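Here the structure is a predicted model, which is why all the values come from computation and not from measurement.
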Amino acid sequence: MAARHHLIDRAPSAVWAVLEDERQYGRWVVGTSGTRREEGHWPELGSSIVYDVRLGPRRFTGRTLVRRIERPRTLELEAEAGALGSARIALDIRPWGDKTLVAVDEHPLRGIGGTLHNVLLDSLIQMRHRTMLARLARLTEQLTPAEAHHPGQRAATAD
């Protein structure tokens, strides 16, 4: 099991806005691009998206399916990568003062990843999560102005 957390300088609603937009998936999930809706309305239960996955010069098609959603706190996904197998990815979104603490927990379910699952693989997943959560934070902060993040705070004005 590979778990990691990251504090995002925006409210949980801003984080959810990014998670709920399938077009943004490839911008924060490491290794994916060209995201498009496959079934349902993302991220409703049972909905799925497909995308390209690049491993060096090779390109594969990946698919992610929503297995569990409990707004505004939990999003659990199953990412399928063909012969590489599939993995469970659970995102826990918690208010943390006026910020959001996002925790991600991933483990292989099937295929090569599940068969070869070990401490080394968890270490690689941890490195991927570090980048992925930093991207999610950066994207959320870019898409949500700081003023919108602190609704009770008044903007500074020149006298």
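Of all heavy-atom pairs between W16 and T74, the closest is CH2-O, 3.6 Å. For the pair A79 and I89, the tightest heavy-atom approach, listed with the atom from each and the gap, is CB-CD1, 3.8 Å. For the pair M132 and V30, the tightest heavy-atom approach, listed with the atom from each and the gap, is N-CG2, 3.7 Å. Counting all heavy atoms, side chain and backbone alike, I69 lies closest to L45 at CG2-N, 4.1 Å.
Ion pairing between a basic and an acidic side chain is recognised when a charged N comes within 4.0 Å of a carboxylate O; R37 and E39 show no such pairing. Using a 4.0 Å cut-off between a side-chain N of Lys or Arg and a carboxylate O of Asp or Glu, D105 and R4 do not qualify as a salt bridge. Residues E78 and R63 are not paired through a salt bridge, judged by the lack of any N-O separation under 4.0 Å between the basic side chain and the carboxylate. Salt bridge K99/E141: absent, no basic N to carboxylate O contact under 4.0 Å.
R94 places no side-chain N or O within donor-acceptor distance of the main-chain N or O of D92, the cut-off being under 3.5 Å. Side-chain atoms of T144 come within 3.5 Å of backbone N or O of T140 as a donor-acceptor pair.
Between R71 and P12, every side-chain heavy-atom pair lies at or beyond the 4.5 Å cut-off. Under the 4.5 Å side-chain criterion, counting only non-hydrogen atoms from C-beta, L7 is not in contact with T100. At a threshold of 4.5 Å between non-hydrogen side-chain atoms, the residues V18 and L143 count as touching. Taking the side chain as every heavy atom from C-beta outward, I8 and L133 never approach each other to under 4.5 Å. Residues E76 and R88 meet the side-chain proximity criterion, which asks for heavy atoms closer than 4.5 Å.
Atoms NE2 and CG, on H6 and L101 in that order, are 10.0 Å from each other to the nearest 0.5 Å. Note that CG of L19 is 5.5 Å distant from CD1 of I93, once rounded to the nearest 0.5 Å. Within the model, atoms OG1 of T32 and CD1 of I49 stand 7.5 Å from one another, a figure rounded to the nearest 0.5 Å. Rounding to the nearest 0.5 angstrom, the gap separating the CD atom in E20 from the OG atom in S13 is 10.0 Å. Distance check, rounded to the nearest 0.5 Å: NE2 of H5 to CH2 of W96 gives 8.5 Å. Note: S48 OG to E22 CD = 10.5 Å, rounded to the nearest 0.5 Å.
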Legend entry - side chain to side chain contact (heavy atoms under 4.5 Å, CB included) between V104 and R130, intermediate numbers included: CA-CA 10 Å; V104 63; R130 181 181 300 129; over 6 Å; no

Inset, instruction - Would you please test T131 and W28 for side chain to side chain contact (heavy atoms under 4.5 Å, CB included) and show each step? - result: CA-CA 8 Å; T131 302; W28 64 272; over 6 Å; no

Inset, instruction - Step by step, work out the side chain to side chain contact (heavy atoms under 4.5 Å, CB included) result for S47 and H41. - result: CA-CA 6 Å; S47 64; H41 184 73; 5.8 Å; no

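S86 and E80 are not linked by any side-chain donor-acceptor pair at a separation below 3.5 angstrom, with hydrogens and angles left out of the test. Side chain to side chain, T61 and Y51 fail the donor-acceptor criterion of an N or O pair below 3.5 Å.
Remark: of the listed residues V29, L77, T35, V50, L77 is the sole one forming a side chain to side chain contact (heavy atoms under 4.5 Å, CB included) with T64.
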